[in-house]
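None of these values were measured; they are calculated from a predicted model. Just so it is clear: chains get the letters A, B, ... in the order the sequence lines come, proteins before strands, and each one is counted from 1.
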2 protein chains.
Amino acid sequence: MNTPPSGAPRRATISDVAREAGTGKTSISRYLNGELSVLSPQLRARIEAAIERLDYQPNQMARGLKRGRNRLIGMLVADLTNPYSVEVLQGVEAACHALGYMPLICHAANEVDMERRFLQLLTTYRVEGVIVNALGVSEETLRPVGGGGIPAVLVDRSVEGLVADMVGLDNEAAVTVATRHLVERGFDRVWFVVQPFERVSSRRLREAAFHRALTQYPQVNGRTVVVELGDADELAQTLTALDAEIDAAIANRETSGETSEDAATLPRVALFAANGPVALALARHLNQRHGADWQKRVALLSIDDPEWAELAGITTIRQPTYDIGYRAVEFLHERIDGAQASARDCLLPGELIERASTAR
Amino acid sequence: MNTPPSGAPRRATISDVAREAGTGKTSISRYLNGELSVLSPQLRARIEAAIERLDYQPNQMARGLKRGRNRLIGMLVADLTNPYSVEVLQGVEAACHALGYMPLICHAANEVDMERRFLQLLTTYRVEGVIVNALGVSEETLRPVGGGGIPAVLVDRSVEGLVADMVGLDNEAAVTVATRHLVERGFDRVWFVVQPFERVSSRRLREAAFHRALTQYPQVNGRTVVVELGDADELAQTLTALDAEIDAAIANRETSGETSEDAATLPRVALFAANGPVALALARHLNQRHGADWQKRVALLSIDDPEWAELAGITTIRQPTYDIGYRAVEFLHERIDGAQASARDCLLPGELIERASTAR
DNA sequence: TTGTATGCGTTATCAC
DNA sequence: GTGATAACGCATACAA
C-alpha cells in the first residue's frame, strides 16, 4: 500500500543534475527559474547538457511545497453530461492556460457525496482556489471554501449563505426576451418547465423572471411545471400528464370554433424549458409519443443551446458559456492575488437563436 | 509572481497540531495513518481534539513527496464535447474512487499542442500513471509515457510505436453486426463515412472491417467517404457532394423501373457513420438541406450512441463506454503495482440499438 | 558568479 | 507507547 510505485523507474532529481553537471543545486535551480543572466555561459552549457542527458524535469510537488503555491486550481463540475458544463470548461481551460494555472477537474456527477468528497480532496491538495458549479444543495458541504476558506468563484448559480463571486447568465434579461418572443409568435399558453428549483438559484431566478415577464401580457396563460429528471418513472408520469393537458388545450381550441386542422398545424401551447437537459427530456418524450411530427402539437423553447438543438430545430437562448468560464478564472485569479473587494456578481447576456420550433 | 498566495489564510500543519496536542509530530502522523493500536487512548483523544480545533487536513503534496507516490493518475481526453469521452470518464472516475486514486483530467480539445503540453505537465506532477485517449497523431508526442516512461493505458485507439495496454471497442465484431443489419434491411448501397483514418487506429480498423464484411455480400455496393469535421467549408462541400450522389442513386433507381414514390419512401442508400460526431454532422447537414423528412431519402447508422440518437431515431452501435473506462484504470493499477506482462489489448463488445433510421 | 545551509509538511528510522 | 531526527526535492537567504 505504501511502497513506492514499481511501475516506473525513478526520475532524476535536482541533485542528480547538479552532480552530473559538477556544480551545486542552487545553480540548477537558478537555471530552471530563468535567472540566466547570473550564470556563466560555460556553467549554463554544462547544466543544459546534464538536464538533457538525464531527461530531468523538476518536480512540481516539491516546488509547490517550497514556494507555498502550486498554481493548481480546482474546477468542480456538477454534471459533465450537460454540454453547458463542457463549454464552460473550455473557457476555464483557456484562461488557466493564459494565466499559468493548471485546472484540476472534478466531476460530481450530480452526487452530493461526490461534491463534498472532491471539495475535501481539493483542499488537501492545497489548490489555490476553486471554481464551483455547485449542485446547489446546502452551503454546509461547501463550508471549506469561500469566505474564510480558500478563494472560490461560483458558476451559473450562487449558494445561499456562501459569500463568493458568481458569474453566470443574466437570467432576468434572457427570460424576458424569450417570453416576449413566444408571445409575439402568438402562443397564448406558455408553460415553464423546470426541475425542482427552490434550492438552485439560477432555476429560481428564471422561474421568477418568467412570471414577472408574463405580467406584461395579461392575455397569456402561463404556469410553472416541475419535472424531476432523475427518476425515470416519475418523469414519464409528469410528462404524460403534461401531454394530456396539451391535448385538452387543443380540444379547447377546437370547441372554441377553430377547425381541428388549424389546431393541429398551429399550436398555441408553448413549452419553455428552463435548461438543456429539461428540453431534451421534453423532446424525447414528445417524440416518442407523437413521432417526428410532435412540433405541430406544441412549440418548444429552451435556455441552453446544445448541438442537437439545431438538428431538432429548437429555438434557444444561447449562453455565453466560454466567457463565463473565462471570467470565472479571471475573478479567481484576482482573489488569489489578494483582492479584497466584496462578493461580486457577473451577469453575462444570452442570445436568442430562432429556429423552427417556435415558428407558426 | 512568486509570492505566496495572499487570498487564503495559512492552514495548520502537522507541527501545529503536535504543539496544540502537546506531543510530537510522530504521534500525529501515526494517528493519521491509522496506526491507532500503538496510541494510548488519552493521547489519541488529545490529538483528535487538536485536529478538530485547528481544522487540520494533511497536505497531500508533502505526503506524496515523502512517500514517493501521490495516488494521482492522469486522464488525457482528446475531446470532451464527444459524449463518448464523458461516458468513459465516468467509468474512470468510478474505478479511481474504488482504487483510491485521484484522476487529473486533462482536455486536449483536439489540439496536438495541448496533448503534448498536458503530458508534460502530468509528468512534472509525478502522476503514477496515465490513461490516454490520444489524438493519434504521432508516437513522438507520447514519448514520456508507456514503455520506458510512466505506465500508460490507451483508450479507444492505439498509437503506433508505443507499447502500452489498450482497451476499447471490438471494432471488428461491431462493424460486422452493423453491416449485416444494413444489408438485411435491404440497403444495397452502403457508404461508410469516416474522418481521415490513416492515423487513428480505431477508425482504420472500422473502415477495414467494413470492407471485409462487405465481401460477404457481393450484391451490395459499398465505399468509403472521408470527411474532415474540423473545416466547416470543406465539410459542407463534401456533404453536398455526397448528397448529390444520393440524388443520383435515387434517380438511378427510378430509371430502373421503380416509381419515384417508391424511391422517395424506400431509400436504398444507407450511411454508416464511423462515430457519433460524424453522425451528427451528417444528420445536421441532411436536416438542413431536406428538412425533418430527410430520413426518407437515406438511412443512417452510427457507432456511438449519444443522447440525441434516440431523439432522432438513429440506429446505433452502443459502446460499453463505462466499462472501457473502468477496465482502463484496473489495467493501469496493475501496471503501477509493477505487473510486467507484455502489452495487452482488451476488446469489449458493442450492442446494436435498432431504431427508425434503418427501418423500411 | 557560485555554493552552503535551512526549511516547506510529511513519513520513516531509530532511539528512549 | 512515545518522540527526536533525518530525509523527500526543491528554493532561497546568505556567504564566499
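Under 3.5 Å, the side chain of A:K66 and the base of D:dT12 form no donor-acceptor pair of N or O atoms. If you check distances only, the side chain of B:T26 never reaches the base of C:dT11 with a donor-acceptor pair under 3.5 Å.
When distances run from any side-chain atom of A:R30 to the nucleotides C:dT2, C:dG9, D:dC10, the shortest one goes to C:dT2.
Rounded to whole Å, atom P of C:dG9 lies 18 Å from atom CG of B:N33. What separates CD1 of A:I14 from P of D:dA7 is a distance of 18 Å, to the nearest Å.
Residue-level contact check: B:R10 touches the backbone only, with heavy atoms under 4.0 Å from sugar-phosphate atoms and none from bases. Residue contacts shown for B:T124 are absent, as no nucleic acid heavy atom lies under 4.0 Å away. If you check every strand for non-hydrogen atoms under 4.0 Å, A:T13 touches sugar and phosphate atoms only. The residue A:S27 sits close only to the backbone: its heavy atoms come under 4.0 Å of sugar-phosphate atoms, none of a base.
Side chain of A:N59 to backbone of A:M61: a donor-acceptor contact under 3.5 angstrom is found. One N or O on the side chain of B:S85 and one on the backbone of B:D79 form a donor-acceptor pair closer than 3.5 Å.
Looking at A:V155 and A:Y84, their side chains come closer than 4.5 Å, going by heavy atoms from C-beta outward. Contact annotation: the side chain of A:N33 approaches that of A:R63 to within less than 4.5 Å [non-hydrogen atoms, C-beta and beyond]. A:P151 has its side chain within reach of A:L332: a pair of non-hydrogen atoms, C-beta onward, lies under 4.5 Å apart.
For A:R11 and A:D55, the salt-bridge test passes: some basic side-chain N is under 4.0 Å from an acidic carboxylate O.
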Original post:
Passes side chain to side chain contact (heavy atoms under 4.5 Å, CB included), B:N70 versus B:Q60? Steps please.
Top reply: CA-CA 7 Å; B:N70 52 23; B:Q60 289 293 354; over 6 Å; no
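An OP1 or OP2 oxygen of D:dC10 is reached within less than 4.0 angstrom by no side-chain nitrogen or oxygen of A:R63. Here B:N59 does not reach the OP1 or OP2 of C:dC8: none of its side-chain N or O atoms lies under 4.0 Å away. Checking the phosphate oxygens (OP1, OP2) of D:dA11, a side-chain nitrogen or oxygen of A:S29 falls inside 4.0 Å.
Between B:R126 and B:T23, the residue whose closest nucleotide on DNA chain D is further toward the 5' end is B:T23.
Contacts between residues 40-58 of chain B and DNA chain D, counted as heavy-atom distances below 4.0 Å, involve B:S40, B:L43.
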